[in-house]
Enquirer: 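Sending over a structure as structure tokens; questions will come in a sec.
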Amino acid sequence: MPELPEVETIIRSLRPALLGKNVLSANLRWNRTLMSPSPAKFKILIQGQQILDIVRRAKFLQFKLSTYQLIIHLRMSGDLLVVKGGYQAAIHDRLILNLADETTLVFSDPRKFGRVWLVEDPAEIFQTLGPEPLSSEFSPGWLYAALHNRQRQLKPLLLDQSFLAGLGNIYTDEALHLARLHPLTRSDWVSEEEAARLWMAIRQVLEEGIRRNGASIDWVYRGGDFQNHFRVYGRQGESCPVCGTKIQRIVVGQRGTHFCPNCQVLTNDQNPVK
DNA sequence: CACGAGACCTGTTCGC
DNA sequence: TGCGAACAGGTCTCGT
């Protein structure tokens, strides 16, 4: 699914097209997309709501409306697009919002994992999220302390949204390679210097992802071009851009994990997490 | 607390 | 060509 940079890119494209617009009606085409309230209530409550602002929290899109907030998580295959003029629903459309001025906001999601909420206050949805990696709250010192609070493998820990909010499978692999840390490294074995490197790497890959308008892989094309600049993700068998060693793919926590066995050496292999 | 497996879903690509 | 397996940007729940 989209990770932080893809969500950020989508929001930046939606904002100018949607701010100030009123919602006329909603067409929910797959009930399980909607977490709350009930479909009937949702259709009534969202009518007449004006879109005042659209912001991002972790991988969630947060639409601030007149009274309520529309919260959307795109999960693996969700996408949002704005169509001007008449719109004919397509096969994978799960929620369609008809807006003023012949404008349509379409939530398309082939795999049906995406979720939508309409709430007065999203605090409950966000309450378990860790810090934003691009905020000042996320500092090298915080990261070092947080890593030492746990005994987890780095890769699954960085994917854990309650630890740090926004990284997904691609940017985690990219950040670990840039930081020269093996995905299975024990979090509490990371030195201060390594933590600082990881902090810098996370910032750098996310910022580059945003600068390149995100990554588009598979058939879910969103226009970004970060996929052409991956260091290791999906490049198993190819040469490491730093040292030329063949990039390896292993499975960690049921996620494909890509790394350079020469640049990213496991220093605690005598003391694995499990 | 930490991990692995299974579930939720559909579509594409890979391997024989 | 065909067909099943493997795989995909995420997250939740359960058992150990």
Side-chain angles (χ1 to χ4, degrees), chain A residues 1-11 29-36 56-61 71-80 90-94 107-117 124-130 146-175 183-189 205-206 208-210 212-230 232-237 249-258 268 271-274:
Chain A
M1 109 68 101
E3 305 179 31
L4 186 156
E6 288 72 35
V7 175
E8 184 63 34
T9 299
I10 289 169
I11 283 182
R29 306 179 78 247
W30 178 253
N31 278 348
R32 300 191 60 179
T33 295
L34 183 63
M35 294 294 280
S36 77
R56 181 188 59 73
R57 172 70 172 106
K59 302 173 193 172
F60 292 88
L61 294 101
I71 308 296
I72 299 181
H73 197 303
L74 301 171
R75 294 278 179 94
M76 290 288 264
S77 60
D79 203 0
L80 286 166
I91 179 83
H92 295 128
D93 295 352
R94 308 305 176 195
F107 174 48
S108 159
D109 183 20
R111 291 180 70 179
K112 299 177 175 173
F113 289 159
R115 291 294 180 261
V116 171
W117 297 255
E124 201 170 315
I125 300 167
F126 296 159
Q127 69 181 352
T128 58
L129 292 174
L147 290 171
H148 282 253
N149 259 339
R150 320 281 203 101
Q151 292 186 26
R152 303 266 311 262
Q153 300 172 335
L154 282 184
K155 167 91 189 241
L157 183 56
L158 293 174
L159 285 175
D160 184 341
Q161 302 296 296
S162 69
F163 179 78
L164 186 64
L167 286 179
N169 208 34
I170 293 177
Y171 292 89
T172 299
D173 281 4
E174 294 298 298
L184 297 181
T185 305
R186 265 176 66 148
S187 60
D188 60 340
W189 274 49
V205 297
L206 291 177
E208 186 183 355
I210 291 172
R212 297 191 180 280
N213 298 314
S216 298
I217 64 168
D218 291 352
W219 73 102
V220 189
Y221 181 71
R222 296 195 180 83
D225 80 324
F226 189 54
Q227 68 277 13
N228 300 320
H229 302 271
F230 289 163
V232 288
Y233 184 83
R235 299 208 182 284
Q236 58 271 28
R249 179 186 183 278
I250 58 175
V251 175
V252 181
Q254 296 165 269
R255 311 301 303 275
T257 297
H258 315 77
N268 59 270
N271 298 278
V273 172
K274 35 166 203 179

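Residue numbers begin at 1 in each chain, while the letters A, B, ... track the order of the sequences. Hydrogens, waters and symmetry mates play no part in the numbers below; they use all other heavy atoms, side chains included.
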Enquirer: Knowing that exactly one of A/Leu4, A/Ile10, A/Thr9 qualifies, which makes a side chain to side chain contact (heavy atoms under 4.5 Å, CB included) with A/Arg56?
Expert: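 Testing each of A/Leu4, A/Ile10, A/Thr9 against A/Arg56, the sole residue satisfying side chain to side chain contact (heavy atoms under 4.5 Å, CB included) is A/Leu4.
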
Enquirer: Atom CD of A/Gln151 to atom C1' of B/dC1: distance rounded to whole Å?
Expert: 9 Å

Enquirer: In whole Å, what separates the P atom of C/dG4 from that of B/dC9?
Expert: 23 Å

Enquirer: So does A/Gln161 get a side-chain nitrogen or oxygen closer than 4.0 Å to the phosphate oxygens (OP1/OP2) of C/dT11?
Expert: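 The answer is yes; a side-chain N or O of A/Gln161 sits under 4.0 Å from OP1 or OP2.
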
Enquirer: Could you state the CD1-C1' distance from A/Ile170 to C/dA8, rounded to the nearest angstrom?
Expert: 10 Å

Enquirer: Could you tell me how far C/dC3 sits from B/dC8 if I compare only their C1' atoms? Round to whole Å.
Expert: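 It works out to 25 Å between them.
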
Enquirer: For A/Arg94, give me all partners under side chain to side chain contact (heavy atoms under 4.5 Å, CB included), at least two apart in sequence or on another chain.
Expert: A/Trp30, A/Thr33, A/His92, A/Phe107, A/Asp109, A/Lys112

Enquirer: Figure out the CG/P separation between A/Asn169 and C/dT11, and round it to whole Å.
Expert: 11 Å

Enquirer: Is it the case that the side chains of A/Glu208 and A/Tyr171 hold a donor-acceptor pair, with the cut-off being a distance below 3.5 Å and no angle test?
Expert: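 No, because no side-chain N or O of A/Tyr171 sits under 3.5 Å from a partner of the opposite role on A/Glu208.
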
Enquirer: About how many Å separate CG of A/Asn169 and OG1 of A/Thr257, when rounded to the nearest 0.5 Å?
Expert: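 With rounding to 0.5 Å, OG1 (A/Thr257) is 6.0 Å from CG (A/Asn169).
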
Enquirer: Could you tell me whether the phosphate oxygens of B/dC1, OP1 or OP2, come under 4.0 Å of any side-chain nitrogen or oxygen in A/Arg150?
Expert: no

Enquirer: Would you compute the distance between atom CD1 of A/Ile72 and atom CE of A/Met35 and round it to the nearest 0.5 angstrom?
Expert: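 Rounded to the nearest 0.5 Å, the CD1-CE separation comes out at 13.5 Å.
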
Enquirer: What distance separates A/Leu164 CG from A/Leu158 CG, expressed to the nearest 0.5 Å?
Expert: 7.0 Å

Enquirer: Could you tell me the separation between the CZ atom of A/Phe163 and the C1' atom of B/dA2, rounded to a whole number of Å?
Expert: 14 Å

Enquirer: Measure the distance from CG on A/Leu61 to P on C/dG10 and round it to the nearest whole Å.
Expert: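 In whole Å, C/dG10 P lies 15 Å from A/Leu61 CG.
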
Enquirer: Sugar-phosphate means primed atoms, P, OP1 and OP2; the rest is base. With that split, encode nucleotides 6-16 of chain B 5' to 3' as B, S or - using protein heavy atoms under 4.0 Å.
Expert: B-BBBSS----

Enquirer: When rounded to the nearest 0.5 angstrom, what is the spacing between CG in A/Leu167 and NZ in A/Lys59?
Expert: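 Rounded to the nearest 0.5 Å, the CG-NZ separation comes out at 7.5 Å.
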
Enquirer: Given atom CZ of A/Arg186 and atom P of B/dC3, what is their separation to the nearest angstrom?
Expert: 10 Å

Enquirer: Could I get the full list of side chain to side chain contact (heavy atoms under 4.5 Å, CB included) partners for A/Arg235, not counting sequence neighbours?
Expert: A/Phe230, A/Glu238, A/Ile247

Enquirer: Hey, which of these two, A/Phe60 or A/Arg249, hits DNA chain C nearer its 5' end, going by closest nucleotide?
Expert: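 Between the two, 5'-proximity favours A/Arg249.
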
Enquirer: With sequence neighbours excluded, tell me which residues meet ring pair (Phe, Tyr, Trp, His ring centres under 6.0 Å) with A/His148.
Expert: A/Tyr144

Enquirer: Can you check whether A/Arg255 has a side-chain N or O nearer than 4.0 Å to OP1 or OP2 of B/dG4?
Expert: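 For A/Arg255, the contact criterion (side-chain N or O under 4.0 Å from OP1 or OP2 of B/dG4) is not met.
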
Enquirer: Rounding to a whole Å, what distance do you find between A/Asp188:CG and B/dC1:P?
Expert: 15 Å

Enquirer: Pick the P atom in C/dA6 and in B/dA5, then give their distance to the nearest Å.
Expert: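 Rounded to whole Å, the distance is 14 Å.
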
Enquirer: Can you tell me which residue pairs pass the salt bridge (Lys or Arg N to Asp or Glu O under 4.0 Å) test with a partner in residues 159-170 of chain A, sequence neighbours excluded?
Expert: A/Arg152-A/Asp160

Enquirer: Separation of A/Leu4 atom CG from C/dT11 atom P, in whole Å?
Expert: 11 Å

Enquirer: Just need the stems in DNA chain C: three or more back-to-back Watson-Crick or G-U pairs, each with both distances under 3.5 angstrom, sorted by first number.
Expert: B:2-8 with C:10-16, B:10-16 with C:2-8

